[in-house]
Amino acid sequence: MDYLVNLSTLPQDTKSADAMAKSGVTVRRAIPPELKLIVRWIDEQFGEAWASEATVAMTRQPPTCFIATREGKLVGFSCREASARDFFGPTGVDESLRGLGIGRALLFTSLNDLKALGYAYAIIGDVGPSAFYEKAVGAIPIPDSAPGIYAGMLKS
Ligand SMILES: CC(C)(COP(=O)(O)OP(=O)(O)OC[C@H]1O[C@@H](n2cnc3c(N)ncnc32)[C@H](O)[C@@H]1OP(=O)(O)O)[C@@H](O)C(=O)NCCC(=O)NCCS
């Protein structure tokens, strides 16, 4: 199912700056020379479908892929408008570093990027951990949104 986020009422992200400083994590927009490294990491951690979406996000200018780094290593990513306009995702955080607020920081960064483009709402496509999105940004399910844009996607 797809989820909707109201960007007009998106609260200020007051938590992430402190949380990221405490964990030694930096969240920023990716740059093109990092494309192969990022896509390879996503492929290894999350599979080729997300790696393909991230490739699209990385080849836009400026890239619409944001990354979290720690001690010079990639530890998380989030994309906007990879598979469809106004869509958030995919996103993922290194399994050993989950629960530190990195996913939330990446989510807010991507959603604020969409908001700056003038979108009033953002769509989170084919949501997995719905409780994460409900809690972090008040996302709500979109009725009749399944099957969505990924219907009939080739898997092998
Ligand atoms: C979903 C994901 C990106 C969250 O990243 P994270 O860094 O662990 O999340 P955060 O630490 O920023 O969590 C923010 C809040 O959401 C909560 N939360 C995190 N994951 C959650 C989940 N799966 N279900 C419910 N709540 C969750 C946290 O407890 C935290 O709450 P708090 O603000 O009260 O402390 C990460 O679990 C992940 O990579 N999952 C696998 C890939 C995936 O499913 N991506 C989403 C595809 S739609």
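Model, not experiment: these values are computed from the prediction. Scope of the values below: all heavy atoms of this structure, side chains included, with no hydrogens, waters or symmetry mates. Position 1 is the first residue of the sequence, and the numbers go up from there.
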For Arg80, run the side chain to side chain donor-acceptor pair (under 3.5 Å) check against Thr64, Asn112, Asp113 and tell me which one passes. Asp113
Stepwise side-chain contact (heavy atoms from CB on, under 4.5 Å) test for Phe108 and Lys15: CA-CA 10 Å; Phe108 268 91; Lys15 286 186 181 172; over 6 Å; no
Under a 4.5 Å cut-off applied to non-hydrogen side-chain atoms, are Tyr119 and Arg85 in contact? yes
State whether the number of non-hydrogen atoms from other residues, nucleotides or ligands found under 6.0 Å of Glu134 atom CD is greater than 12. yes
For the student: nearest non-hydrogen atoms of Leu106 and Ala68, plus distance: CD2-N, 4.0 Å
So Tyr133 and Val5, do their side chains get closer than 4.5 Å, heavy atoms only? no
Which distance, rounded to the nearest 0.5 Å, do you find between the SG of Cys65 and the CD1 of Ile31? 12.0 Å
Around atom OH of Tyr150, are there more than 12 heavy atoms from other residues, nucleotides or ligands closer than 6.0 Å? yes
Has Thr69 got a side-chain atom pairing as donor or acceptor with Leu74's backbone, closer than 3.5 angstrom? no
As an exercise, state the distance from CD1 of Ile124 to CG of Asp86, rounded to the nearest 0.5 Å. 10.5 Å
Would you sort out whether Asp94 and Lys73 count as a salt bridge (charged side-chain N to carboxylate O under 4.0 Å, His left out), showing the intermediate values? CA-CA 11 Å; Asp94 186 301; Lys73 299 278 180 217; over 6 Å; no
What distance do Tyr3 atom OH and Ile140 atom CD1 have between them, rounded to the nearest 0.5 Å? 9.5 Å
Report yes if the side chains of Met1 and Val127 come closer than 4.5 Å at any heavy-atom pair, otherwise no. no
Tell me, do Ile38 and Ile42 make a side-chain contact under 4.5 Å, heavy atoms counted? yes
Mind running side-chain contact (heavy atoms from CB on, under 4.5 Å) on Met58 and Thr55 for me, showing each step along the way? CA-CA 5 Å; Met58 282 301 302; Thr55 304; 5.7 Å; no
How long is the span from the CG atom in Leu107 to the CZ atom in Phe88, to the nearest 0.5 Å? 4.5 Å
Let me check something: do Phe87 and Tyr121 share a hydrophobic cluster, defined by ILVMFWY side-chain heavy atoms less than 4.5 Å apart, either directly or through other members? yes
Are side-chain heavy atoms of Leu114 and Glu81 found at a separation under 4.5 Å? yes
Might you confirm whether atom CZ of Arg28 has over 12 heavy atoms from other residues, nucleotides or ligands at distances under 6.0 Å? yes
Do Leu100 and Val25 have side-chain heavy atoms sitting under 4.5 Å apart? no
Any side-chain heavy atom of Ile149 sitting closer than 4.5 Å to one from Ser83? yes
Check whether any side-chain heavy atom of Arg29 lies under 4.5 Å from a side-chain heavy atom of Pro62, and answer yes or no. yes
